[in-house]
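Since the structure is predicted, the reported quantities are computational estimates derived from the model, not experimental observations.
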Amino acid sequence: MEQSKIKRMPQRPLTPPRADKPKLSRLHKIRLRLLLGVLALILVVGGWQLYHVHTQIQQSQAQVTQAKSQLKSVEAKKQALKVQVDQLHNDDYLAKLVRQKYMVSKSGEVIFELPGTAGKLNLNGN
């Protein structure tokens, strides 16, 4: 028979498995530190962005509440002016207003100016 050209590999003696953890190589340590540094950087930047957005939201909510209060006051003023315009279309109210403002009286009418109401006009139609 012919001899095969395949040689057998020498067998290594079996070593018992180590009980302690294998040490990481230097390259693995560098990579691990680099990845941990990148992760820390991402967390810091993300936290800062979250804080920045939170403060912007609080500022805009404060502006919205301020704008709503201004809107309410402007709407109340608009309503009062609308009532006044409606009253100015009434001839009786207009005559009363002119008499109060210019101190004009009808014939036989006596006007008394009280100390607490001097210079003030009663525009609510009473």
Tracing side-chain links under 4.5 Å among I, L, V, M, F, W and Y, which residues wind up in one group with V38?
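I42, which link up through side-chain heavy atoms under 4.5 Å apart, make up the rest of the cluster.
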Going by side-chain heavy atoms closer than 4.5 Å, which hydrophobic residues are tied to L43, directly or by a chain of links?
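Listed partners: L39.
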Among L35, L36, I30, L34, find the residue that satisfies the side-chain contact (heavy atoms from CB on, under 4.5 Å) test when tested with L32.
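Per the side-chain contact (heavy atoms from CB on, under 4.5 Å) rule, the option paired with L32 is L36, out of L35, L36, I30, L34.
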Please enumerate all residues that pass side chain to side chain contact (heavy atoms under 4.5 Å, CB included) together with I57, with sequence neighbours excluded.
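For I57 the side chain to side chain contact (heavy atoms under 4.5 Å, CB included) partners, ignoring immediate neighbours, are V53, Q61.
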Restricting to side chain to side chain contact (heavy atoms under 4.5 Å, CB included), what partner residues turn up for Y102, sequence neighbours left out?
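So Y102 forms a side chain to side chain contact (heavy atoms under 4.5 Å, CB included) with V98, V104.
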Mind checking what makes side chain to side chain donor-acceptor pair (under 3.5 Å) contact with H89, not counting sequence neighbours?
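Expected list: none.
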Should we say atom CZ of R31 is surrounded by more than 12 heavy atoms from elsewhere, each under 6.0 Å from it?
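No, the 6.0 Å shell around CZ holds no more than 12 heavy atoms from other groups.
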I'd like a table of donor-acceptor pairs (distance under 3.5 Å, sequence neighbours excluded) in which one partner is a side-chain atom from residues 69-82, with atom names and distances.
{"unit_1": "S69", "atom_1": "OG", "unit_2": "Q66", "atom_2": "O", "d": "2.7"}
{"unit_1": "S73", "atom_1": "OG", "unit_2": "Q70", "atom_2": "O", "d": "2.8"}

